[in-house]
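For reference, the structure is listed below as structure tokens.
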Amino acid sequence: MENRINVTKSLLPPFEEYIAEIKPMWESHWLTNMGEKHQQLERELSEYLHVSNISLMSNGHMALELALQAMEFEAGGQVITTPFTFASTTHAIIRNNLEPVFCDINPIDFTIDVGKLESLITNKTVAILPVHVYGNICNMKEIERIAGIYGLKVIYDAAHAFGETYQGIGIGNFGDASMFSFHATKVFNTIEGGAVCYKDEAFGLKLYRLKNFGIRNEEVVDGIGANAKMNEFQAAMGICNLCYVEEEIEKRRRVTEYYQERLGDISGLRISAGQRDVKSNYAYFPVVVDEETFGASRDEVCEELKRQGIYARKYFYPLTNSFECYKGRFDDKLTPVALEISRQILTLPLYGELGERELCRICDAILKRRGAVCR
Ligand SMILES: *Cc1c(COP(=O)(O)O)cnc(C)c1O
């Protein structure tokens with residue numbers, strides 16, 4: 001079989017550059033606890049993301065969990081979110097003793113359907129937690145307008161939206177807080193890692209303490225914190241990768257354009273268009289497969305790709321409100337659009353180094369039944 005193609009390939013700097021970046025640690029023996037690299041990466045990221053406040057974390061999930069904790073909502077408060085997301089979003093709410101209330105998504109860009117948002121608000125609602133799915137930016141104006149009326153906090157899951165801007169403004173500046181993930185599979189990685197960008201300085205101080213066991217000083221522990229500190233090796237990887245992320249995003253744009261050209265006009269396949277006013281990071285390439293029109297189901301396309309050593313992902317499937325661990329607790333029929341899309345969606349391999357020959361192989365495999373071959 002020809003070489004395997006995975007859904008993504010983690011961005012890595014040249015080996016020597018990483019070695020040079022971590023070398024000083026063999027002199028300082030300072031490996032974690034907000035060391036020099038941690039501070040340097042925080043400075044560089046706040047510049048790159050055009051944000052004034054950022055707190056680095058060990059991973060994106062802990063960033064989200066602690067951002068929710070630092071809001072200090074009363075237990076049992078309701079958080080309006082969507083089920084068309086990664087496990088992390090829903091788990092973070094539930095692990096904070098809060099209750100997710102699932103809003104459906106819109107079928108165009110798969111973000112929260114703002115038309116259905118207001119009807120879900122009750123006197124227990126404390127926050128809205130929307131997701132910038134695949135880097136598609138939510139309707140933030142409407143979300144924040146509604147949140148303003150009802151006095152709700154807004155926390156964005158921006159795990160997919162690294163480096164994006166809306167009307168020229170860094171995406172981490174919207175809402176009360178935004179979470180980014182720097183996991184190995186994301187556009188920008190620190191191996192594992194994440195961050196919270198936020199508005200309020202007092203909130204930032206709470207976050208800072210919560211990621212270090214709630215320690216205020218040597219003798220006072222006044223928060224029930226966790227351990228979510230980004231270590232120096234992670235930060236060093238981030239410093240190195242940040243030099244290459246622009247180039248990576250540019251290469252991803254070319255891959256995306258190739259897909260758009262080959263798959264854009266195929267009946268039964270729907271690909272997303274770019275969004276107005278958004279500088280994209282080309283994080284994912286989702287395709288919606290309509291079985292009837294296309295002549296094959298999403299699962300059949302996925303299987304055919306697998307047979308040819310190509311690993312696309314059913315991302316997001318299943319919905320988080322139909323997870324085994326939440327059995328009997330939620331009803332996925334209340335989010336019919338999300339349910340339908342989750343059964344039709346496939347995200348194709350996408351990373352900077354994906355070459356034309358591989359792209360051709362992938363598209364041919366998808367279009368196999370139509371006898372399509374590379375132009
Ligand atoms: C990756 C991801 C997370 C979690 O980030 P980790 O860094 O893997 O912990 C949360 N939400 C979404 C939508 C993600 O894709």
Are V131 and I345 grouped together when hydrophobic residues (ILVMFWY) are joined by side-chain heavy atoms under 4.5 angstrom apart?
yes
Between [X] and [Y], is any side-chain donor less than 3.5 angstrom from a side-chain acceptor?
X    : Y    : answer
Y150 : E118 : yes
T89  : D157 : yes
N136 : S272 : no
K141 : N139 : no

Report the residues that fulfil side chain to side chain contact (heavy atoms under 4.5 Å, CB included) with K314, sequence neighbours left out, ordered by chain and then residue number.
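Scan of K314 (side chain to side chain contact (heavy atoms under 4.5 Å, CB included), adjacent residues dropped) gives R298, D299, C302, Y317, L346.
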Search all heavy atoms of [X] against all heavy atoms of [Y] and return the closest pair with its distance.
X    : Y    : result
L350 : V255 : CD1-CG1, 3.3 Å
T90  : P100 : CG2-CG, 4.3 Å
M230 : G193 : CE-CA, 4.0 Å
V7   : T347 : CG2-O, 3.9 Å
A92  : N96  : O-ND2, 2.9 Å
I310 : P349 : CG2-CG, 3.9 Å

Presence of salt bridge, [Y] and [X], under 4.0 angstrom:
X    : Y    : result
E304 : R307 : yes
R145 : E142 : yes
E250 : R253 : yes

Got a list of side-chain donor-acceptor pairs under 3.5 Å for residues 68-81, not counting sequence neighbours?
from, atom 1, to, atom 2, distance (Å)
Q69, NE2, I224, O, 2.9
E72, OE1, K206, NZ, 3.4
Q78, OE1, T122, OG1, 2.7
T81, OG1, L129, O, 2.9

Any donor-acceptor pair under 3.5 Å from [X] side chain to [Y] backbone:
X    : Y    : answer
E247 : Y244 : no
K186 : G194 : no
D104 : A338 : yes
Q308 : I362 : no
N6   : T8   : no
E232 : H38  : yes
Q234 : I191 : no
Y282 : R254 : no
Q167 : D277 : no
E261 : Y258 : no

Can you tell me how the ring of Y326 sits relative to the ring of H91, calling it parallel under 30°, perpendicular over 60° and tilted otherwise?
perpendicular
Classify the ring geometry between F84 and F110 as parallel (under 30°), tilted (30 to 60°) or perpendicular (over 60°).
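Aromatic pair F84/F110 classed tilted.
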With sequence neighbours excluded, tell me which residues meet ring-ring contact (aromatic ring centres under 6.0 Å, His included) with [X].
X    : value
F182 : F162, F188
H183 : none
F102 : F330

Taking only residues at least two apart or on different chains, which pairs with a member in [range] satisfy side chain to side chain donor-acceptor pair (under 3.5 Å)?
range          : result
residues 41-50 : Q40-E44, Y48-E246
residues 23-33 : none
residues 55-65 : S55-K211, H61-E65, H61-S88, E65-R95

Is there a side-chain contact between [X] and [Y] (heavy atoms, below 4.5 Å)?
X    : Y    : result
R209 : L205 : yes
T125 : V101 : no
V221 : I215 : yes
N3   : E358 : no

Aromatic contact, Y315 with Y284 (centres under 6.0 Å):
yes
Considering residues at least two apart in sequence or located in another chain, which fulfil the salt bridge (charged side-chain N to carboxylate O under 4.0 Å, His left out) criterion with [X]?
X    : value
E99  : none
D109 : none
K124 : none

Test side-chain contact (heavy atoms from CB on, under 4.5 Å), reference L269, set V288, I366, D290, output is I366
Check the surroundings of atom [atom1] in [X]: do more than 12 heavy atoms from other residues, nucleotides or ligands lie under 6.0 Å from it?
X    : atom1 : answer
K229 : NZ    : yes
D331 : CG    : yes
E257 : CD    : yes
E300 : CD    : yes

Summary of ring-ring contact (aromatic ring centres under 6.0 Å, His included) pairs that have at least one residue in residues 201-223, sequence neighbours excluded
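Output for this query lists Y198-F203.
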